[in-house]
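Take a look at the structure set out below.
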Amino acid sequence: MTATAATSWAAAPVACKAAAGSHTGVPGTAKERTFIACKPDAVQRKQVGEIIKRFEAKGWKLVGLKMVHPSEAKAASHYSDLSTKPFFGGLVKFFSSGPIVAMVWEGTNCIKGGRMLMGTTNPLDSTPGSIRGDLCVQVGRNIIHGSDGPESAQAEIANWFTPEELVEYTTVDEQWVMSNN
Ligand code: IDP
Ligand code: MG
């Protein structure tokens with residue numbers, strides 16, 4: 001029997017510590033962060049893995065994740081900018097109707113790019129290939145939330161995650177995703 005040499009990757013340490021500085025990210029840089037949530041319909045329809053797969057495949061990095069069953073008050077505060085809309089009551093009831101998967105993703109252009117991956121608010125207008133374009137048909141059941149700009153990203157990350165709940169680490173493929181010529 002031939003002895004197998006120890007592989008260097010197996011022993012390679014992975015840096016993993018609480019994010020230094022602001023845990024809400026630095027918009028416009030590779031440290032940009034966005035808040036993404038799989039809504040209650042995504043959890044019930046078992047589309048959480050599909051959503052995560054698409055963000056991973058793009059090249060962004062998952063730096064925070066938890067399952068939460070939001071209270072009505074939490075749902076209302078998350079959607080407070082829509083409080084005057086006629087659908088606000090239904091939206092709050094729906095968003096607090098079951099568990100969601102709350103996440104923070106990190107990487108270049110993840111706020112705007114994340115919105116493009118999601119597709120437009122109304123799935124009937126969402127491009128095929130986008131998450132909403134491929135997986136849903138109803139605006140009130142559009143399975144995913146994503147921050148719509150740098151300010152909302154920072155506010156939403158702070159509203160859902162403490163600094164201790166987010167991690168800073170390096171993945172082995174990062175140079176292949178991030179390098180340029
Ligand atoms: P977004 O999720 O694409 O950012 P927003 O305008 O922020 O869209 O609206 C938040 C959520 O409210 C939407 O994702 C959708 O589920 C719901 N919503 C938006 N417009 C309507 C509507 O006209 N009827 C019912 N629900 C709506
Ligand atoms: Mg929005």
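Whatever order the structure lists ligands and atoms in, that order sets their numbers, starting from 1. Just so you know, residue 1 is the first one in the sequence shown, and it goes up from there. Small disclaimer: the values here were computed from a predicted structure and weren't measured.
Lys66 forms a cation-pi arrangement with Phe161, by the criterion of a distance under 6.0 Å to the ring centre and an angle within 45° of the ring axis. Remark: Lys61 qualifies as a cation-pi partner of Tyr169 under the 6.0 Å distance and 45° angle criteria applied to the six-membered ring.
Of the N and O atoms on the side chains of Thr171 and Asp173, at least one donor lies less than 3.5 Å from an acceptor on the other residue. Judged by distance alone, the side chains of Glu156 and Ser147 do bring a donor and an acceptor atom under 3.5 Å apart.
Within 6.0 Å of atom NZ in Lys74, more than 12 heavy atoms from other residues, nucleotides or ligands are found, so the atom counts as buried in its surroundings.
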Need the list: ligand 1 N/O atoms against protein N/O atoms, distance under 3.5 Å, rounded to one decimal.
unit_1: ligand 1; atom_1: 2 (O); unit_2: Arg132; atom_2: NH2; d: 3.0
unit_1: ligand 1; atom_1: 3 (O); unit_2: Arg115; atom_2: NH2; d: 3.0
unit_1: ligand 1; atom_1: 3 (O); unit_2: Thr121; atom_2: OG1; d: 2.5
unit_1: ligand 1; atom_1: 3 (O); unit_2: Arg132; atom_2: NH1; d: 3.0
unit_1: ligand 1; atom_1: 4 (O); unit_2: Arg115; atom_2: NH1; d: 2.7
unit_1: ligand 1; atom_1: 4 (O); unit_2: Arg115; atom_2: NH2; d: 3.3
unit_1: ligand 1; atom_1: 8 (O); unit_2: Thr121; atom_2: OG1; d: 3.2
unit_1: ligand 1; atom_1: 14 (O); unit_2: Lys39; atom_2: NZ; d: 2.9
unit_1: ligand 1; atom_1: 14 (O); unit_2: Asn142; atom_2: OD1; d: 3.4
unit_1: ligand 1; atom_1: 14 (O); unit_2: Asn142; atom_2: ND2; d: 2.9
unit_1: ligand 1; atom_1: 16 (O); unit_2: Lys39; atom_2: NZ; d: 3.1
unit_1: ligand 1; atom_1: 16 (O); unit_2: Val139; atom_2: O; d: 2.9
unit_1: ligand 1; atom_1: 16 (O); unit_2: Asn142; atom_2: OD1; d: 3.3

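Side-chain atoms of Asp134 do not come within 3.5 Å of backbone N or O of Pro128 as any donor-acceptor pair.
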